[in-house]
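Starting off with a structure, shown below.
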Protein chains: 2
Amino acid sequence: MLIRIDPTLSTPLFEQLAAGIRASVIDGRLTVGERLLPARELAGALDINVHTVLRAYQILREEGLLDMRPGRGAIVAGRIGQHAALAGAIHDLVDEAKLRNVSESALLSLIREAYK
Amino acid sequence: MLIRIDPTLSTPLFEQLAAGIRASVIDGRLTVGERLLPARELAGALDINVHTVLRAYQILREEGLLDMRPGRGAIVAGRIGQHAALAGAIHDLVDEAKLRNVSESALLSLIREAYK
DNA sequence: CTATTGTTCTAGCTGGACTATAACAAGTGG
DNA sequence: CCACTTGTTATAGTCCAGCTAGAACAATAG
């Protein structure tokens with residue numbers, strides 16, 4: 001599981017991490033039942049704090065993507081079903097946005113608006 | 001121009017404001033050539049600081065949405081052309097996401113991922 | 001010339017993100 | 001049962017982005 005973290009970005013580390021794992025689950029790089037690296041281990045590998053990793057894990061658990069318990073670790077639960085369609089739609093939208101020179105942040109806030 | 005700001009949300013005020021105005025321009029509530037409220041005035045109305053309003057305005061200028069100069073104010077430039085199609089696509093995507101119980105924050109980070 | 005309005009600068013406050021330790025609880029495997 | 005692993009919880013400190021406040025400046029309108 002290769003996930004890259006960039007401390008210089010404005011998006012929080014725990015969000016970046018959650019986003020990376022989430023994407024991995026959706027496109028199949030992580031499969032249901034698979035176990036993630038133990039928090040302390042991953043934290044060491046990424047050179048960040050354990051709590052930051054755990055915070056990312058907990059977000060994903062609340063989304064139903066992970067199942068975690070002490071002693072067992074964090075396991076991909078993948079309640080998300082067939083997100084493939086969604087992933088496709090997202091891809092198309094992003095392409096469209098790029099084509100029209102709409103910046104990432106602009107697109108993001110348009111979506112935030114649409115969610116209201 | 002009615003734009004609502006919620007200080008309790010985690011999204012910065014200046015972003016909320018920029019997002020609101022941006023959306024207004026795109027769906028036609030604000031038309032090209034129209035002048036926005038002077039920063040100090042809008043700040044007073046929203047009960048926030050002038051700098052926060054100006055920061056939002058400047059973001060939109062960088063996007064080419066606004067034209068602003070001292071003494072004249074901020075005017076909708078609307079370089080964005082026909083974003084109607086994009087707006088439609090966004091709307092569809094958000095509906096799809098809601099249908100699948102994908103949270104707003106999850107969708108946002110999926111899009112951030114797709115932008116890479 | 002005066003009033004308006006964006007621009008720039010300086011300064012201070014606050015909350016969230018991140019880190020660092022440490023103790024605790026629930027599992028796993030021998 | 002025991003040792004080890006791993007998530008959970010709590011406490012505390014640092015740092016920075018966002019917001020506020022006040023003031024002086026520059027360009028534009030009338």
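Order of the sequence lines sets the chain letters (A, B, ...), proteins ahead of strands, with each chain counted from 1. Model, not experiment: these values are computed from the prediction.
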B:R55 atom CZ is separated from C:dT7 atom P, nearest whole Å, by 14 Å
Whole-Å distance, B:R40 CZ to C:dT5 P, equals 8 Å
B:I59 atom CD1 is separated from C:dG6 atom P, nearest whole Å, by 16 Å
To the nearest angstrom, the CZ-P distance between A:F14 and D:dG7 comes to 18 Å
In whole angstroms, the gap separating P of C:dG6 from CZ of B:R69 amounts to 13 Å
Side chains of B:R22 and A:S109: do they bring a donor and an acceptor to under 3.5 Å? yes
Which of D:dT6, D:dT8, C:dG6 is nearest the side chain of A:R35? It is D:dT6
**Message:** Test side-chain contact (heavy atoms from CB on, under 4.5 Å) on B:L65 and B:V76; report intermediate values, then the result.
**Reply:** CA-CA 6 Å; B:L65 269 181; B:V76 178; 5.6 Å; no
Taken to the nearest whole Å, CG/A:L60 to C1'/D:dG7 is 15 Å
Among D:dT8, C:dC18, C:dT7, the one nearest any side-chain atom of A:P12 is C:dC18
Between A:D47 and A:G71, the residue closer to the 5' end of DNA chain C by nearest nucleotide is A:D47
Quiz item: So, B:E63 side chain and A:S103 main chain: donor-acceptor pair closer than 3.5 Å or not?
Solution: no
Side-chain atoms of B:P70 come closest, of C:dA17, D:dG18, D:dA27, to D:dA27
Next item on the list: Keeping the roles fixed (side chain from B:E34, backbone from B:T31), state whether a donor-acceptor pair exists under 3.5 Å.
Entry: yes
With a 6.0 Å cut-off (strictly less than), is the heavy-atom count around CG of B:D6, excluding the residue itself, greater than 12? yes
Here the distance between atom P of D:dG18 and atom CD of B:E15, to the nearest Å, is 8 Å
Of the candidates C:dT19, C:dT7, D:dT28, the side chain of A:N49 sits closest to C:dT19
Considering only heavy side-chain atoms of A:T52, the closest of C:dT5, C:dG6, C:dT19 is C:dT19
Separation of C:dA23 atom C1' from A:H51 atom NE2, nearest Å, is 11 Å
